[in-house]
Engineer: 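One structure, pasted below without further comment.
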Amino acid sequence: MAEYANIIVDISHEKLDKTFQYRIPERLKPSLEVGMQVFVPFGARKIQGYVVELTDHPEYEVDKIKDVTGIVKKGVAIESQMIALAAWMRKNYGGTMNQALKTVLPVREKKKKLEQKTVRLALHPVEAKNQLAEYERKHSVARARLLDALLSEGELDWNVITRKLNVTGSVITAMEEAGVVKVLSRQKYRNPVEHLKQTGYDKILNEEQRNAVSEITGDYDAGIRKTYLIKGVTGSGKTEVYMELISHVQKQGRQAIVLIPEIALTYQTVMRFYNRFGDRVSIMNSRLSAGERYDQCLRAQNGEIDIVIGPRSALFTPFPDLGLIIIDEEHETSYKSETVPKYHARETAIKRAEMTGASVVLGSATPSVDSYYKAKCGEYRLLELKNRVMEKPLPVCEIVDLREELKKGNRSILSERLTEQLEDRLRRHQQTILFINRRGIAGFVSCRACGHVIKCPHCDVSLSQHNNGRMVCHYCGYEEPVPKVCPACGSKYISGFKAGTQKIEQVVKERFPQAKVLRMDMDTTRGKEGHEQILSAFANQEADILIGTQMIVKGHDFPNVTLVGVLAADMSLHIGDFHAPERTFELLTQAAGRAGRGEVPGNVVIQTYTPEHYSITTASVQDYEAFYEQEIEYRKMMYYPPVWNLLVILCASKEEQRAHDAAALLVAQIDETKELRRDRVFPIGPADAAIAKVSDVYKKVVYIKAEKYQALVGLKDMLEEYMRDNRSFSDVIVQFDFNPAGSF
Ligand code: ADP
Ligand code: ZN
Ligand code: ZN
């Protein structure tokens, strides 16, 4: 049991750094927990604070540390819950308590809050009339004007008085001091959905939807809390199910959080929730200012809203009695934080739900392999929506083998088949999306004649080409030179595979000079609205062809698109990360889903050098089960998550040697620890990170696989202890990433 408690006395971002340490007296040791509100001596006073950390390390002279005097006994404050959640995140994902607290606690508004001030008559009307006569006699024109107006209106807005009646603030104050009027001020919150109009709700759920709903509400009303995974094809009505569930908990006086990837948080989505729940719903997104976001937290805390919709960080909305957390598109990698603590919103949601007695509902058309595995193991309850609400035919999907194109002498990015189809759509004035599933930056090395991709002999991930003519494995550091001829077929067409949206735009414009082309990528979407502008231009049919990266395939509805071309499906297949097949399957199914959303059925052309790869064949027929069966076998064979767990330790330093030495020391330390070997914990590396150097900071990584997640948490604790006050780590930043979502 810990000796000391670190305490914050004021919950705000500016004050989080200011922790005070107190000793825990014996009598409190068994009951004191992180998050609890306690009494502590503070100078001559006794004040309240929150325990943020329990520790055995005294921070200053032991004799000077005072005792915690007691635990505040009242209902568990929402702050306590959030602090306890932060502690759990720190424990399970690494980083400091301060970083964890900053993630879960809202940033307090520094500016003055918006106020609505009004002025009201403080006198009885008879007295007021006498006073008015008095002002007129004294020629106090402004006072008379205000009093006269108040006699007929009773109460007036401060701004109306100062701007329209031309009565200054100081006059109002003087009248208030004289007891003639009273100034009232109410806090006004910024409300991001204020301008919307509710149109009402009239849908009746179909049988599949009703079954899913009653399964969950049945459990809920019986006091059973679980995590549910709703697997339902796009358009199967998942969102309607979510809303029905929200309504159910709302009627019981509890609140709900809906997580949606920011990119899918469109006006249409917000409107659907708003139509049903009106002002009880609010949104959080990165476009809101810190002040607006803080206001939403206050509104949530004060019971003014019951539902919040937003990306990952909306999970920390301080609802007092949270009953439900929904995570839509749960497979999205944006649910994994890229900054410390590198938490996953799914796991953290499940933890928060456990703490507050809420249910968790995950939803996706293509669930993450992680979640589906857990559902199959019985950890989550699987519910399926198999049919689209409005039956629309699936698009026809063709796979084009790019190796054959080369044999035919076609060296263009566009295959014959895709060119043909493009011509046809241009003639018929239908729209086309050309999609390049480019992820990450590292180029892999492949043969254009046979499709062979050079992989690490130890890790089964693609090697990445570096500028020095060598290929490197980002998992283990294995290296070899780029070969002159293909090791599989002897062809000389072996090289780094790289093609960008700009290149494609150029090729398309040359081949189809008559077509109007839009391009959407990082370069064309700078600025807040860039992204939306391009999408709406395309939706308004201002262009024939839209070229872009994965940004264009997520959740947008273009009814006139009848052709989707995937230019090189291999791009996401060889990203040097074990998630490659999963991401490829996901992107291809989503891309295919963009074709034929309207009346006319669509076509999909997938160009690839590896037409036989299971992620491509299964995606072309939209067969998730078949994909999953193959994928999970691969994960089992390689001991990758979700079958085992993977911890990545990142060591970063301005001096390459220091980063490397630090990483090597950690590997040595792990190797020396017997219990870890007994728990079958194996370190791999150090190796260069996928982006080995970023703004002059060198990055090295160590990978550790272990069967049990908790073994990795224990290892992290051990290493943190080892690094504490160790000078080898003084100029090195060390970060932990548990079960990372991407490559390093
Ligand atoms: P998903 O979230 O699974 O993609 P949605 O909930 O968006 O599916 O439903 C797809 C479309 O079908 C939406 O336009 C929605 O309004 C409509 N819809 C869903 N359920 C029903 C229903 N029971 N009755 C009528 N329309 C429905
Ligand atoms: Zn070859
Ligand atoms: Zn390797």
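In listed order, ligands and their atoms are each counted from 1. Since this is a predicted model, take the numbers as computed values, not measurements.
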Engineer: Should Gln209 be counted as touching ligand 1, given the test is an N or O pair under 3.5 Å?
Structural biologist: yes
Engineer: Apply ring pair (Phe, Tyr, Trp, His ring centres under 6.0 Å) to Tyr628 and Tyr373, showing your working.
Structural biologist: CA-CA 9 Å; Tyr628 174 81; Tyr373 180 73; 7.3 Å; no
Engineer: How long is the span from the SG atom in Cys447 to the NZ atom in Lys492, to the nearest 0.5 Å?
Structural biologist: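 Answer for the SG-NZ pair, Cys447 versus Lys492, is 10.5 Å.
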Engineer: For Arg272, is the nearest heavy atom under 4.0 Å from an atom of ligand 1?
Structural biologist: yes
Engineer: Would one find an N or O of Ile204, backbone or side chain, under 3.5 Å from an N or O of ligand 1?
Structural biologist: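 Yes, Ile204 has an N/O under 3.5 Å of an N/O on ligand 1.
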Engineer: At the 4.0 Å heavy-atom cut-off, does Val233 count as touching ligand 1?
Structural biologist: yes
Engineer: Tell me: protein heavy atom nearest atom 12 (O) of ligand 1, and distance?
Structural biologist: Met390 CE, 3.7 Å
Engineer: Regarding Glu404 and Asn410, do their side chains bring together a donor and an acceptor under 3.5 Å, going by distance alone?
Structural biologist: no
Engineer: What part of Asp328, side chain from CB on, backbone N/CA/C/O, both or neither, has a heavy atom under 4.0 Å from ligand 1?
Structural biologist: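 Within the 4.0 Å criterion, Asp328 makes no contact with ligand 1.
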Engineer: Kindly indicate whether atom 14 (O) of ligand 1 is approached by any protein heavy atom to under 4.0 angstrom.
Structural biologist: no
Engineer: Would you mind listing which atoms of ligand 1 come within a distance below 4.0 Å of any non-hydrogen atom of Gly237?
Structural biologist: 1 (P), 3 (O), 5 (P), 6 (O), 8 (O), 9 (O), 19 (C)
Engineer: Any idea which atoms of ligand 1 are less than 4.0 Å away from a heavy-atom of Asn206?
Structural biologist: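 Answer, ordered by atom number: 23 (N).
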Engineer: Quick one: look up the protein heavy atom nearest atom 25 (C) of ligand 1 and list residue, atom name and how far away it is.
Structural biologist: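 Here the nearest protein heavy atom works out to Lys203 CD, 3.6 Å.
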Engineer: For atom 2 (O) of ligand 1, what is the nearest protein heavy atom, given as residue, atom name and distance?
Structural biologist: Thr239 OG1, 2.7 Å
Engineer: On the 0 to 90° scale, with breaks at 30° and 60°, tag the Phe627-Phe585 ring pair as parallel, tilted or perpendicular.
Structural biologist: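 Judged by the thresholds at 30° and 60°, the geometry between Phe627 and Phe585 is parallel.
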Engineer: Under 4.0 Å from any heavy atom of Leu205, which atoms of ligand 1 are there?
Structural biologist: 23 (N)
Engineer: If the Zn ion (ligand 2) is the vertex, what is the angle to SG of Cys486 and SG of Cys447, rounded to 10 degrees?
Structural biologist: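 Value returned, to the nearest 10°, is 110°.
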Engineer: Which of these, Ile399, Leu402, Ile606, sits in a side-chain contact (heavy atoms from CB on, under 4.5 Å) with Pro611?
Structural biologist: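 The passing option is Ile399.
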Engineer: Are Tyr634 and Tyr614 close enough that their ring centers fall under 6.0 Å?
Structural biologist: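 Not under 6.0 Å, so no.
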Engineer: So for atom CD, which belongs to Glu207, do other residues, nucleotides or ligands contribute more than 12 heavy atoms lying within a distance under 6.0 Å?
Structural biologist: no
Engineer: Who's the nearest protein heavy-atom neighbour of atom 19 (C) of ligand 1, and how far?
Structural biologist: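 Nearest protein contact, heavy atoms only, for atom 19 (C) of ligand 1 is Glu240 CG, 3.3 Å.
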Engineer: Taking 2.8 Å as the cut-off, does Cys489 contribute an N, O or S atom near the Zn ion (ligand 2), distance below it?
Structural biologist: yes
Engineer: What do you reckon, does Gly235 put a non-hydrogen atom under 4.0 Å from ligand 1?
Structural biologist: yes
Engineer: Report yes if the distance between the aromatic ring centroids of Phe558 and Phe538 is under 6.0 Å, otherwise no.
Structural biologist: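 Between Phe558 and Phe538, the centre distance is under 6.0 Å.
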Engineer: Does one side chain, of Asp401 or Tyr609, offer a donor that lies under 3.5 Å from an acceptor on the other?
Structural biologist: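 Asp401 vs Tyr609: no donor-acceptor pair found between side chains.
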Engineer: Does a side-chain heavy-atom distance below 4.5 Å link Thr348 with Phe316?
Structural biologist: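 Side-chain contact under 4.5 Å: yes.
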